[in-house]
Amino acid sequence: MEKSCSLLIQFDKGTPALANEIKESLEGNDVPAKIDAMKKAVMLLLNGETLPQLFITIIRYVLPSEDHTIQKLLLLYLEIIEKTDSKGRVLPEMILICQNLRNNLQHPNEYIRGVTLRFLCRLNEVDIIEPLIPSIMSNLEHRHPYVRRNAILAVMAVYKLPQGEQLLADAPEKIENVLTTEQDPSAKRNAFLMLFQCAQERAINYLLTHVERVSDWSDLLQMVVLDLVRKVCRTNKGEKGKYIKIIISLLNAPSAGVVYECAGTLVSLSSAPTAIRAAANTYCQLLQSQSDNNVKLIVLDRLNELKSSHREIMVDMIMDVLRALSSPNLDIRRKTLDIVLELITPRNINEVVLTLKKEVMKTQSGELEKNGEYRQMLIQAIHSCAVKFPEVASTVVHLLMDFLGDNNVASAIDVIVFVREIIETNPKLRVSIVTRLLDIFYQIRAARVCSCALWIIGEYCLSLSEVESGIATIKQCLGDLPFYSASEEGEANDSSKKSQPINSTTVSSRRPAVLADGTYATQSAASETAFSPPTVVQGSLTAGNLRSLLLTGDFFLGAVVACTLTKLILRLEEVQPSKAEVNKATTNALLIMVSMIQLGQSSALPHPIDNDSYDRIVLCVRLLCNTGNEVRKIWLNSCHESFVKMLSDKQMRETEEIKAKAQISHSQPDDLIDFYHLKSRRGMSQLELEDAVQDDLKRATGEFVKDETDANKLNRVLQLTGFSDPVYAEAYVTVHHYDIVLDVTVINRTKETLQNLCLELATMGDLKLVERPQNYTLAPESSKQIKANIKVSSTETGVIFGNIVYETSNVFDRMVVVLNDIHIDIMDYISPAVCSDAAFRTMWAEFEWENKVAVNTVIQEEKEFLDHIIKSTNMKCLTALSALEGECGFLAANLYAKSVFGEDALVNVSIEKQANSKLSGYIRIRSKTQGIALSLGDKITLKQKGGS
């Protein structure tokens, strides 16, 4: 068994200290130099160096020092040095330490006494402690509380040793006497803790004797009382009643920490509704009274746990939880909304929505730093409420539509998506929503919001008045035609295109936009200029939001305008009896489309119209000139049917996710926790033993094939050296979230003893070696297991490299065997995740790192290739299955995954089937960091051919 370590200090391996330099500094009279030398000595000892030559120097030159810092470092040194020989007997020179410790325990300075008593708490050698017991006991009556409280801890540590009860037989009785007379809160707490851990019956008797005064005790002592209550109630469940009263009395304690622990103790000991309700009330009070954001987040976590196990009780507390929205911290608000949304019932939905509406109105009062993001969270919460309970949709939809012109584009997008879903799921609200949307359409500033709003107008304007209003609104927001004149084009050419188009906002760079199916369309980004309501001049509008966006070069929006006008004209033909009116509207629509094409082909704008938008507008022109019944059916019915199917797929996915979450089995209170790094090197951990037994049972029943397990395990074994090398090494690599464990097997293949054999490792990338493996002596043809722990801080592909260094008796120089590199696979760190379509698009636009991989595969089916990429990259397909059905020769899908470090990985797969049945296209990866984009791209390049 390895010896325990009670001290961990960060050590900079780049500047190792030499023993001779330390020795010289210790022998001098310079106190700062001595302090620095002692620190170096302690760090070297902690990292495997023995330094036997320093012991006598420290005894001679450091022991007599009166400096408090040196004395504290001396105790640290004495704590970590070897005090026993190989047979477990105390070394003779430890007698010198024993005498020094006795002197310190009788020292006139209380600090020296206190730190020495604390040192004795970590000493396990009975031969050293036994002579010091009279001095330890005498410090129980010292005048200073600092000495008394540490003396109590020292007595407890000695009493807990294997022979402690023989050395201090009367310790519990003496500590109980101290507890009755002690006035210092910390010392009293330590005394009660000693009785709790070493003589539990005495602690219980003391508690029950003074039960009426528990509420007056210090918070330190009250915390220990709660620990005692928890332990007693778990071992003796029949006595819960008298202890629950103590917990209830402490719920009104002035200390927030005690109140929090009381609530947690109530939940752990009782599932009675009264106890759970009292705990929930306590948590809600802490949520209001505490100003620390971390405390609030912890309390919200506890409330979330109560919600999972006692939902009915938490439903009654929903309004108390909602008060946490008063905190300005977004994390607290987000977590509060997540809890509340799962507690909504038909009884409380109206109150919750009313509160959320008030919070939305508050965000209008002043544009604070985080108001836009908070408003977006509230809108998403209201959206969720309206989907679950359609009856509240009417009370919130018109309020939220006021935010369609919000400066925060993400918030406006959430509103229009909400409106789009509500108008389909609530047929009774369609007329009022369409009317309101047409009234406020001119206020919309963002192109993406305009596109969605135009789609709603084209799909849900059904009556004659609605269709005519829709056409009139679009014409007003486009303004007068044409969009530019020939003279303006000439002026633009003369001024070398420096002047801006009439009525346009600032022109900015063009960028590709990702459509819902994952494909690209060209879109120009326009600066968000504040649009005021259009000004009427002589009966016509001189400028509108659609006109301004078009004049920035946003022809994707122009194509949406053309499609919307086409749908409205087609529907006008069905509801308008007058043929002349239909022809007039058709002519005006054609004129608008032709003007947009003319604008896109002119030199008045810095960029011409893109091919996609041009083709869509031309298609609309041809459709209005010659309309067939089949085409009419596609435009007026099929598009709407696809949207309905999309909503049903979304609802189905959400239902499946809820079912999947419900089936997840959470760990039970009695389940074992397996700490892999703390297991014995000579044996297996408890979970590994259980797995081995389970595998044996499966093999016996024929459910398990041994070869498959061995193959899986062998996949993680990497050969580090060649078979002809004098030292053969191979590593078994275990990756567990933030840690990589290398279990290296080293075999001496020579007939000589290898001395000071050391495994030297180095890392490249975001990997860090936790500790340096120690030196070993390897007998001829023997083997040794060496463990190395490596910390991982990001998903960037890392490399571990190094060598094995050793000495032999025949060769004076050290021999070096270079090891093969170990490459860490990114797939061990990413897992499938889900995000909304809007969030995916937002991240895709914001992330700056993109890796574009060309499709090169022998797979000939688009869906099969997509499934292969999903399996190879461990990602989640966000595109609905219905969108991937059918055989059209094209496929576009969005994939998403999240790393254990919280990094997002976005992938867009766009492929086309060629005439020769081969697949072509591109796989685009985007992420916030370069490492994950490059690593994932390399993985896809390696795996995309299939069959590997």
Side-chain angles (χ1 to χ4, degrees), residues 512-523 556 610-612 615-616 619 634 638-639 641-650 652-653 656 826-827 830-837 839-841 843-844 847 850-898 904-927 932-933 935-948:
V514 186
L515 303 182
D517 60 355
T519 56
Y520 281 89
T522 303
Q523 173 178 292
F556 175 76
D610 58 280
N611 293 331
D612 289 341
D615 290 342
R616 291 182 73 187
L619 175 64
I634 291 172
S638 299
C639 186
E641 291 171 1
S642 299
F643 177 63
V644 172
K645 191 174 183 181
M646 186 189 82
L647 289 181
S648 63
D649 286 346
K650 176 186 172 186
M652 189 184 302
R653 285 200 308 271
E656 289 175 355
I826 186 179
M827 291 302 106
I830 67 173
S831 56
V834 179
C835 72
S836 64
D837 182 59
F840 185 91
R841 294 188 186 202
M843 288 188 288
W844 187 273
F847 289 174
E850 177 174 305
N851 192 3
K852 186 177 179 182
V853 179
V855 173
N856 180 17
T857 180
V858 295
I859 301 174
Q860 296 186 349
E861 296 299 327
E862 306 98 304
K863 189 69 169 61
E864 183 184 350
F865 178 72
L866 177 64
D867 292 339
H868 177 68
I869 292 296
I870 293 171
K871 183 179 178 181
S872 302
T873 56
N874 199 25
M875 302 191 82
K876 173 80 173 177
C877 182
L878 300 182
T879 306
L881 293 176
S882 58
L884 302 174
E885 294 174 353
E887 297 292 336
C888 65
F890 296 92
L891 186 144
N894 294 330
L895 313 181
Y896 179 65
K898 212 172 183 67
D904 300 290
L906 313 178
V907 172
N908 173 255
V909 181
S910 299
I911 51 179
E912 177 185 0
K913 194 170 186 177
Q914 303 292 336
N916 57 2
S917 297
K918 286 188 176 181
L919 299 181
S920 65
Y922 291 98
I923 302 170
R924 292 176 174 85
I925 305 119
R926 284 198 182 183
S927 67
I932 195 168
S935 303
L936 199 53
D938 294 341
K939 188 72 177 178
I940 291 175
T941 303
L942 183 66
K943 292 282 188 179
Q944 68 166 311
K945 289 190 177 181
S948 59

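A quick note: this is a predicted structure, and the numbers were derived from the prediction, not measured.
Results of the side chain to side chain contact (heavy atoms under 4.5 Å, CB included) test with Phe865 over Ile870, Ile923, Leu891 single out Ile923 as the only residue that passes.
Atom-to-atom distance recorded for Asp615:CG and Asp610:CG is 9.0 Å, nearest 0.5 angstrom. Here the straight-line distance linking atom NZ of Lys898 with atom SG of Cys835 works out to 8.5 Å at 0.5 Å rounding. With rounding to the nearest 0.5 Å, the separation of NZ in Lys939 from CG in Asn874 is 10.0 Å. Note that the CD1 atom of Ile634 and the OG atom of Ser642 stand 10.5 Å from one another [nearest 0.5 Å]. Note that the CD1 atom of Ile869 and the OG1 atom of Thr857 stand 7.5 Å from one another [nearest 0.5 Å]. To the nearest 0.5 angstrom, Leu919 atom CG is 9.5 Å from Asn916 atom CG.
Between the side chains of Gln860 and Ser917, no donor N or O sits under 3.5 Å from an acceptor N or O.
Looking only at side-chain heavy atoms (C-beta outward), Leu936 and Met875 come within less than 4.5 Å of each other. Contact check for Leu866 versus Leu895: side-chain heavy atoms found under the 4.5 Å cut-off.
Between Val834 and Lys876 the shortest heavy-atom distance is CG2-CE, 4.0 Å. Scanning both residues, Phe556 and Arg616, for their nearest heavy atoms gives CE1-NH1, 3.9 Å. Residues Ser927 and Ile932 share a closest heavy-atom pair of OG-CG2, 2.8 Å.
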Practice item. For Val907 and Thr873, run side-chain contact (heavy atoms from CB on, under 4.5 Å): C-alpha distance rounded to whole Å, both residues' side-chain angles, the deciding distance at 0.1 Å, then the answer. Key: CA-CA 10 Å; Val907 172; Thr873 56; over 6 Å; no
**Study point:** Asn894 vs Leu906, side-chain contact (heavy atoms from CB on, under 4.5 Å): CA-CA, chis, key distance, verdict
**Key:** CA-CA 7 Å; Asn894 294 330; Leu906 313 178; over 6 Å; no
Exercise for review: Apply the test side-chain contact (heavy atoms from CB on, under 4.5 Å) to residues Glu861 and Lys913: give CA-CA distance (whole Å), side-chain angles for both, the deciding distance (0.1 Å), then the verdict.
Suggested key: CA-CA 8 Å; Glu861 296 299 327; Lys913 194 170 186 177; 3.4 Å; yes
Point to revise | Residues Arg926, Phe840; criterion side-chain contact (heavy atoms from CB on, under 4.5 Å); working and verdict | key: CA-CA 11 Å; Arg926 284 198 182 183; Phe840 185 91; over 6 Å; no
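The pair Asp867-Lys863 meets the salt-bridge criterion, since a charged nitrogen lies less than 4.0 angstrom from a carboxylate oxygen.
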